[in-house]
Amino acid sequence: MGLKIIVSIKQVPDADDLRIDPVTNNLIREGVPAIINPPDLHAIEEAIRLKEKYGGTVTIVSMGPPRGDISIKEAIAMGADDAYLVTDAAMAGSDTWATSYTVAQAIKKLGGADVILFGRRAVDGETQQVGPQTAVWLNVPAVAYTDKIIEIDQKNKKAVLQRTTEFNTEILEVPIPFVATISEISNTPREPTLEGLIKAKNYNVSRLSKTDINADPKHIGLAASPTKVIRVRPPPKMRNPEIIKNEDINKTVDWIISKIKIAATGMKSSGEDYVKPKPVAKATGKIWVYMDHTNGDINKTSLEILGAARRVADLMDTQLGAAVIGDHAENIVDMAFKYGADEAFYCETPGVEYYDNDVYTRALETLIKKYMPDAIFFPGTSNARELASTTAIKVDTGLIADCIIFDVDEKGQLLSTRPDFGGKETSTIICPNNKPVMVTTRSGVFSALKERDYRGKVQTETLTDTSTRFKIKDFKSIEYNNPLLGSKIVVGVGRGIVNKENIKLAEDLADKLHAVVGVSKPLADAGWYPKDHQVGQTGTTIRPDLYIALGISGAIQHLVGIQGSKKILAINTDETAPIFDNCDYGVVGDIFQIVPELIKKIGDINA
């Protein structure tokens, strides 16, 4: 009989063609071609492989402007059978809440599917929300971060999938139909065949309007979207740099060594004490942080986001609460108190040993509806992102992803800023009419507060319904530590290193400083260095005491990854490079002249 497979794809502006208007400082989008969101290509590939293995059809669904059918045809060329463009002026400005509703309505219009696939993320805003949220609208299970669909049992209506997060790999059995978001590590998207290209050229993409999909007008477009973009601007200047341009190599190297030693002195400090800000408004409810944990251990990003949320709670003159879910998770409650929480809201899930999206969504929904917080901060871990996505639909609120800056206005409105389009601009977003406001952030962006001796009040609930559509067949923790996260000094290299062999220069400097080498995205994408050494928004976010940037221009997606560094030292021949606006110490010069002399001259930085 074969499988009915639907792949939902997003069309995004080609980031390589985006430019900033020198007058308005805004991105120029007019005339920029749309392409298929690159992670969605992996979902298309997985769908075609399933069709080749089990038989059936692959249908593409995309929501976008009228001319969006041009890029959709690429999926037809790859081997998809049909394609539908959901397009209507009323849908413009949709956030992920409204988008996922619209996509779900289109899937229902097409009669549903056995398998519904999405790419893991959207590259324009780094959201990882629409797939899990669409699953909630359709009332089917969602398996995020799927890197392998192992088996589809059509007779018994079940499937076995493998999902991998940063902490564990698990094999799950789920009923059909289901939604899966496909990770980029799952496959390599195929190139279209000549036959496919000919078919795509002559193919007419079908169009669906809001009426065609029976969409509720109150659920689509900008007006229905809980989140609103209130400001778009270029990336903010993050540092006050001290820049030199010295033709004398010896003096330059001596200056660099003096700055490295200053940074090294900072390594011995225990961190700054938290200074409570003055309130700017009075919140009606509390600020919460969801405490993500794995195998009984707190994920450190939860502690970092506690630090950011502590400041927001104080600006709003309210208390900071910790939301904890799990079976025998009392130690997680204790950790929340030690790192800044005033109060804890603990939902016990008897017998549920591991994170389960069905159970955890139900538990968090229970806590929210009973205690009604104003906002919930989520660490940007895989499970927390998925949980935030599904819960946002259940409690009818907005979710703002990948935030790097938080503030509060005089009305008590939380202002959340995130990078967009690979970091070429930043958007400040609010959720004015729905509570709680939900936000996620990446690891390493914020600092945890100092540990303290404190224990507050614990509000405990017990989830009586722990039923689930997921059956865990295997669970393995990943025994892996990213070397970038443990190093006090990171030596970063970018395109200015010219070729792969020259990375040895950075490695030699790193050896001298007892440091670790990190690379920019283009170098990791080119295979010049291991992917787990990529620094940036789509790589690893780091917080070393010193980051040395060699030949790095300073794209915002890279700056987001290094902004937590205590000190940044940059060397680049281009004095207009953005890195010089975002470092503490900068040298306009040639790394191939300076770094060899630096390696020769530098001694023990702790001397």
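Here, residue 1 is the first one in the sequence, and each next residue gets the next number. Computation of the quantities below employed the complete heavy-atom set of this structure, encompassing side-chain atoms and omitting hydrogens, waters and symmetry-equivalent molecules.
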If I take atom [atom1] from residue [X] and atom [atom2] from residue [Y], how far apart are they, to the nearest 0.5 angstrom?
| X | Y | atom1 | atom2 | answer |
| --- | --- | --- | --- | --- |
| I430 | N433 | CD1 | CG | 8.0 Å |
| M78 | I36 | CE | CD1 | 7.5 Å |
| D82 | T57 | CG | OG1 | 7.0 Å |
| K51 | I5 | NZ | CD1 | 8.0 Å |
| K109 | N214 | NZ | CG | 6.0 Å |
| L399 | N434 | CG | CG | 12.0 Å |

Do you know the tightest heavy-atom contact between [X] and [Y]?
| X | Y | answer |
| --- | --- | --- |
| F446 | C403 | CE1-O, 4.1 Å |
| A43 | L117 | O-CD1, 3.6 Å |
| D374 | K435 | O-CD, 3.4 Å |
| V61 | A106 | CG1-CB, 4.1 Å |
| A336 | A322 | CB-CB, 3.5 Å |
| P350 | T466 | O-CG2, 4.0 Å |

Under a 4.0 Å N-O cut-off, is there an ion pair linking [X] with [Y]?
| X | Y | value |
| --- | --- | --- |
| D358 | R469 | yes |
| E386 | R163 | yes |
| R207 | D212 | no |
| D147 | R120 | no |

[Y] backbone acceptor or donor facing [X] side chain under 3.5 Å:
| X | Y | value |
| --- | --- | --- |
| E166 | S382 | yes |
| Y54 | I152 | yes |
| T440 | D402 | yes |
| T181 | Y145 | yes |
| S183 | S186 | no |
| K228 | L222 | yes |
| S209 | D88 | no |
| S94 | G221 | yes |
| R385 | G380 | yes |
| Y346 | A329 | yes |

Check whether any side-chain heavy atom of [X] sits under 4.5 Å from a side-chain heavy atom of [Y], and report yes or no.
| X | Y | value |
| --- | --- | --- |
| P175 | K157 | no |
| L306 | M291 | yes |
| K210 | P217 | no |
| T428 | R233 | no |
| V130 | S100 | yes |
| N168 | F475 | yes |
| I472 | F470 | no |
| T164 | I478 | yes |

H293 and Y360 aromatic ring geometry - parallel, tilted or perpendicular at 30°/60° bounds: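 Because their plane-to-plane angle lies in the 30° to 60° range, the rings of Y360 and H293 count as tilted.
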Parallel under 30°, tilted from 30 to 60°, perpendicular over 60°: which one fits the rings of W137 and Y101?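 The arrangement is perpendicular - the two ring planes meet at more than 60°.
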Got a sec, which residues hit side chain to side chain donor-acceptor pair (under 3.5 Å) with E45, two or more places apart in sequence or on another chain?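 With sequence neighbours excluded, E45 shows a side chain to side chain donor-acceptor pair (under 3.5 Å) to R49, R190, given in chain and number order.
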Please name all residues satisfying side chain to side chain donor-acceptor pair (under 3.5 Å) with S225, sequence neighbours left out, ordered by chain then number.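 Result, side chain to side chain donor-acceptor pair (under 3.5 Å) vs S225: D95.
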Looking only at the side chains, is there a donor atom on one of [X] and [Y] sitting less than 3.5 Å from an acceptor on the other?
| X | Y | answer |
| --- | --- | --- |
| T361 | T390 | yes |
| T381 | D292 | yes |
| T169 | Q162 | no |
| T462 | E348 | yes |
| E170 | Y355 | no |

Assess the residue pair Y371 and E343 against the criterion (side-chain contact (heavy atoms from CB on, under 4.5 Å)); give the C-alpha distance rounded to whole Å, side-chain angles, the decisive distance to 0.1 Å, and a yes or no. CA-CA 12 Å; Y371 296 103; E343 191 174 3; over 6 Å; no
Assess the residue pair Q11 and L85 against the criterion (side-chain contact (heavy atoms from CB on, under 4.5 Å)); give the C-alpha distance rounded to whole Å, side-chain angles, the decisive distance to 0.1 Å, and a yes or no. CA-CA 11 Å; Q11 299 165 72; L85 176 64; 3.8 Å; yes
Within 6.0 Å of [atom1] in [X], more than 12 heavy atoms from elsewhere:
| X | atom1 | answer |
| --- | --- | --- |
| N204 | CG | no |
| K4 | NZ | yes |
| E353 | CD | no |
| K471 | NZ | no |
| K300 | NZ | yes |

Among I44, D40, I6, side-chain contact (heavy atoms from CB on, under 4.5 Å) partner for I60: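 That would be I44; it is the only one of I44, D40, I6 passing the side-chain contact (heavy atoms from CB on, under 4.5 Å) with I60.
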Test side-chain contact (heavy atoms from CB on, under 4.5 Å) applied to I376 and V289, L367, I287, I368, the passing residue: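 Testing I376 for a side-chain contact (heavy atoms from CB on, under 4.5 Å) against V289, L367, I287, I368 leaves exactly one candidate, I368.
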Would you please name every residue forming a ring pair (Phe, Tyr, Trp, His ring centres under 6.0 Å) with Y84, sequence neighbours left out?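 Checked Y84 against ring pair (Phe, Tyr, Trp, His ring centres under 6.0 Å); zero matches.
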CA sep, side-chain torsions, deciding dist, call: R362, D356, salt bridge (charged side-chain N to carboxylate O under 4.0 Å, His left out): CA-CA 10 Å; R362 199 176 302 124; D356 179 297; over 6 Å; no
For N299 and T294, what are the C-alpha separation, side-chain angles and deciding distance, and is it a side-chain contact (heavy atoms from CB on, under 4.5 Å)? CA-CA 7 Å; N299 294 332; T294 306; 3.4 Å; yes
Working note: I149 + L50, criterion side-chain contact (heavy atoms from CB on, under 4.5 Å); need CA distance, chi angles, decisive distance, verdict. CA-CA 9 Å; I149 298 179; L50 289 176; 3.8 Å; yes
